[in-house]
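Reviewing the structure listed below.
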2 protein chains.
Amino acid sequence: MAKHDPQLDLLFHALSDPTRRMMLNRLAKGPAPVTELAGPSGFKLPTILRHLSVLEEAGLVATQKDGRVRSCAFQPAALRPMTEWLDEQRKVWEARLDRLDDYVMNLMKEREK
Amino acid sequence: MAKHDPQLDLLFHALSDPTRRMMLNRLAKGPAPVTELAGPSGFKLPTILRHLSVLEEAGLVATQKDGRVRSCAFQPAALRPMTEWLDEQRKVWEARLDRLDDYVMNLMKEREK
DNA sequence: TGTATAGTTAGCAATATGGCTAAGCATGAT
DNA sequence: ATCATGCTTAGCCATATTGCTAACTATACA
């Protein structure tokens, strides 16, 4: 029944920012250090680091430090709760359409009498 | 290349709140007036109305007034930009995996020599 | 050792978000 | 005409978010 999944909050929130989506899009192409992630954005490093931590808390990015550079990697599996939620809504929606269908069918049968 | 789609911001943001997701889930089962939408949430009407306006701005819900009751309806088509973004990311991710694959294959061929 | 590089932390300011109460308006029922 | 119902608006408060600068740490390189 998925009562109150805080993971979904984190996921959707993380994706609601264009800068974070750009970062993710870059990481989908392969791992990158923080500076390269910041590069095209025009934002300062501390700002990018904050966005990065949001992505990490959502599980969308994993990072590890190698010497003085932090390497960031996209975690596609983290998207699953979201796609599952979407599927669930679709299911509910389609069930509703089916019921509507039945309803109309019954109406037509009634008319025939 | 989908540089900066504000619609995506609205969509993801709208879905990042559990109350709004609950409202949507209810609406997926069929249209409902505002009061029914508020019912199980425990929140006051003005609060719900605000959430509703967020959903409307994202295009996820359409409403119309019939007498003194406002009827709210889920708009599943509004989800498309999001699923398209997901597909796009998946594509990038998979292209990367393919390149990785090639890379490994080449490595193995080199070894054979 | 000294210097450049790559992050990191602390803290500020402006704005957005999410909840509320109180008061108002329009419509349906009596 | 009156009253209840269903929504709406205005405005308050606390907290979160998003950007910044300045100052700091830690690693690599000469």
Side-chain angles (χ1 to χ4, degrees), chain A residues 3-27 30-74, chain B residues 3-27 30-74:
Chain A
K3 298 211 64 161
H4 205 270
D5 192 348
Q7 188 60 28
L8 278 181
D9 297 17
L10 294 178
L11 263 179
F12 281 121
H13 172 65
L15 294 175
S16 73
D17 184 280
T19 304
R20 287 194 289 265
R21 286 199 306 274
M22 245 186 283
M23 291 167 71
L24 262 197
N25 187 269
R26 164 61 191 83
L27 290 180
V34 176
T35 308
E36 187 182 333
L37 224 44
S41 75
F43 290 120
K44 300 297 183 181
L45 257 194
T47 300
I48 293 299
L49 229 70
R50 235 172 148 112
H51 282 302
L52 185 58
S53 86
V54 172
L55 290 170
E56 276 194 79
E57 276 181 42
L60 285 164
V61 168
T63 78
Q64 71 181 62
K65 246 190 139 163
D66 187 15
R68 64 183 164 176
V69 33
R70 173 173 304 279
S71 179
C72 311
F74 177 41
Chain B
K3 297 212 65 161
H4 206 269
D5 191 349
Q7 188 60 27
L8 278 182
D9 297 18
L10 294 178
L11 263 179
F12 281 121
H13 171 66
L15 294 175
S16 71
D17 183 279
T19 304
R20 287 194 287 265
R21 287 198 306 275
M22 245 187 284
M23 290 167 71
L24 263 198
N25 186 267
R26 164 62 191 81
L27 290 180
V34 176
T35 308
E36 187 183 333
L37 224 44
S41 75
F43 290 121
K44 300 297 183 181
L45 257 194
T47 300
I48 293 299
L49 228 72
R50 241 169 134 111
H51 282 303
L52 185 58
S53 86
V54 171
L55 290 170
E56 275 194 79
E57 276 182 43
L60 286 164
V61 167
T63 77
Q64 71 179 63
K65 246 189 139 166
D66 186 16
R68 63 181 164 177
V69 34
R70 173 172 304 277
S71 180
C72 311
F74 177 42

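Throughout, a chain's letter reflects where its sequence line sits, starting with A, and its residues are numbered from 1.
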Give every pair of a protein N or O atom and an N or O atom of nucleotides 14-22 of chain D that lie under 3.5 Å apart, one pair per line with the distance.
{"residue": "D/dT18", "atom": "OP1", "partner": "A/Arg20", "partner atom": "NH2", "Å": "3.4"}
{"residue": "D/dT18", "atom": "OP2", "partner": "A/Arg20", "partner atom": "NH1", "Å": "3.1"}
{"residue": "D/dG19", "atom": "OP2", "partner": "A/His51", "partner atom": "NE2", "Å": "2.2"}
{"residue": "D/dC20", "atom": "OP2", "partner": "A/Lys44", "partner atom": "N", "Å": "3.2"}
{"residue": "D/dC20", "atom": "OP2", "partner": "A/Thr47", "partner atom": "OG1", "Å": "2.6"}

To the nearest 0.5 Å, how far apart are [atom1] in [X] and [atom2] in [Y]?
{"X": "A/Leu24", "Y": "A/Leu55", "atom1": "CG", "atom2": "CG", "value": "5.0 Å"}
{"X": "B/Arg20", "Y": "A/Asp9", "atom1": "CZ", "atom2": "CG", "value": "9.5 Å"}
{"X": "B/Leu52", "Y": "B/Leu60", "atom1": "CG", "atom2": "CG", "value": "11.0 Å"}
{"X": "A/Met22", "Y": "A/Asp17", "atom1": "CE", "atom2": "CG", "value": "8.5 Å"}
{"X": "B/Gln64", "Y": "B/Cys72", "atom1": "CD", "atom2": "SG", "value": "10.0 Å"}

Could you list, one pair per line, each protein nitrogen or oxygen that sits under 3.5 Å from a nitrogen or oxygen of nucleotides 3-5 of chain C, together with the distance?
{"residue": "C/dT5", "atom": "O2", "partner": "A/Arg68", "partner atom": "NH1", "Å": "2.5"}

Using whole Å, what does the distance between atom [atom2] of nucleotide [N] and atom [atom1] of [X] come to?
{"X": "A/Glu56", "N": "C/dT8", "atom1": "CD", "atom2": "P", "value": "9 Å"}
{"X": "A/Lys65", "N": "D/dT27", "atom1": "NZ", "atom2": "C1'", "value": "8 Å"}
{"X": "A/Leu49", "N": "C/dA10", "atom1": "CG", "atom2": "P", "value": "13 Å"}
{"X": "A/Leu52", "N": "C/dA6", "atom1": "CG", "atom2": "P", "value": "16 Å"}
{"X": "A/Asp66", "N": "D/dA26", "atom1": "CG", "atom2": "P", "value": "17 Å"}

Sorted by chain and number, sequence neighbours left out, side-chain hydrogen bond (donor to acceptor under 3.5 Å, both in side chains) with A/Glu36 holds for A/Arg26
Strictly distance-based, threshold 3.5 Å: is any side-chain N or O of A/Arg70 a donor or acceptor partner for the main-chain N or O of A/Val34?
no
> Any donor and acceptor pair, going by atom type alone, linking the side chain of A/Arg21 with main-chain N or O of A/Leu15 inside 3.5 Å?
Replying inline: yes
